[in-house]
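Worksheet for the structure shown next.
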Amino acid sequence: MGLSKTSAFSTNQNQLAALAKALAHPARIAILEVLLKRQSCVCGEIVEELPLSQATVSQHLKELKTVGLIQGDIEGTRICYCIHPEGWRQLQQVLGQWLVQAESNCCS
């Protein structure tokens, strides 16, 4: 969606769409599961867990970092990734509000 189109929607709508897009790939879900299990990992450790190349994993990490679900700290020549607590809370809040709203507006 172009920038001119996103301006027609609320901040919450744009935020939820960006988060949903980041979660819309099974590799990104798998990466998040690895990080939740291990608490932190360098890219090479994540590559060992998944059937993907290092370049592909790096691209998925970039997408997750862009929306704020993960963060990376530079350790020498490596980047150590972990779940970004504030981004995770934001995901819970935005998605939770949306799901609760849908529950209370059922037609049955």
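It should be emphasised that the depicted structure is a prediction, and the values quoted were computed from it without experimental measurement.
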Notebook entry, point to check: Is any side-chain heavy atom of Leu95 closer than 4.5 Å to a side-chain heavy atom of Leu19?
Noted result: no
Next item on the list: Rounded to the nearest 0.5 Å, what's the gap from CD on Gln39 to SG on Cys82? Could you check?
Entry: 9.0 Å
Notebook entry, point to check: Any link between Ile74 and Val42 through a network of hydrophobic side chains (Ile, Leu, Val, Met, Phe, Trp, Tyr) touching at under 4.5 Å?
Noted result: no
Check: Can you find a pair of side-chain heavy atoms, one from Glu33 and one from Arg28, that are under 4.5 Å apart?
Finding: no
Next item on the list: Mind listing the closest non-hydrogen atom pair of Glu45 and Ser40 along with its distance?
Entry: OE1-O, 4.3 Å
Note to self: Can you confirm whether Leu69 sits close enough to Leu23 that some side-chain heavy atom of one is under 4.5 Å from a side-chain heavy atom of the other?
What the structure shows: yes
Checklist line | From CA spacing to verdict: salt bridge (Lys or Arg N to Asp or Glu O under 4.0 Å), Lys21, Glu63 | finding: CA-CA 9 Å; Lys21 182 180 177 185; Glu63 295 293 327; 5.6 Å; no
Item checked: Minimal non-hydrogen separation, Gln54 against Cys43, with atom names -> NE2-SG, 3.7 Å
Checklist line | Heavy-atom check, side chain of Glu49 versus side chain of Arg38, under 4.5 Å | finding: yes
Notebook entry, point to check: How many angstroms lie between CD1 in Ile70 and CG in Leu35, if you round to the nearest 0.5 Å?
Noted result: 6.0 Å
Next item on the list: Sorted by first residue and then second, give each salt bridge (Lys or Arg N to Asp or Glu O under 4.0 Å) pair with at least one member in residues 76-86; sequence neighbours left out.
Entry: Glu86-Arg89
Next item on the list: Rounded to the nearest 0.5 Å, what's the gap from CD on Glu48 to SG on Cys41? Could you check?
Entry: 9.5 Å
Note to self: Counting neighbours of CD on Gln92 that are heavy atoms of other residues, nucleotides or ligands and sit closer than 6.0 Å, is the number greater than 12?
What the structure shows: yes
Notebook entry, point to check: Which residue pairs pass the salt bridge (Lys or Arg N to Asp or Glu O under 4.0 Å) test when at least one of the two sits in residues 52-61, sequence neighbours left out?
Noted result: none
Notebook entry, point to check: Which pair of non-hydrogen atoms, one from Thr6 and one from Asn14, has the smallest distance, and what is that distance?
Noted result: O-ND2, 2.9 Å
Next item on the list: For residues Leu32 and Trp88, determine if any side-chain heavy atom of one lies less than 4.5 Å from a side-chain heavy atom of the other.
Entry: yes
Notebook entry, point to check: Taking all atoms of both residues into account, what is the closest heavy-atom pair of Leu52 and Val47, and its distance?
Noted result: O-CG1, 3.7 Å
Next item on the list: Could you tell me the separation between the CD atom of Gln90 and the CG atom of Leu16, rounded to the nearest 0.5 Å?
Entry: 10.5 Å
Checklist line | Considering all heavy atoms, the nearest Ala30-Leu50 contact | finding: CB-CD2, 3.5 Å
Note to self: Under 3.5 Å, is there a donor on one side chain and an acceptor on the other for Thr11 and Gln15?
What the structure shows: no
Next item on the list: Mind checking the CD1-NE2 spacing from Ile31 to His25? Nearest 0.5 Å is all I need.
Entry: 9.0 Å
Item checked: Distance-minimising heavy-atom pair for Gly72 and Ile79 -> CA-CG2, 3.7 Å
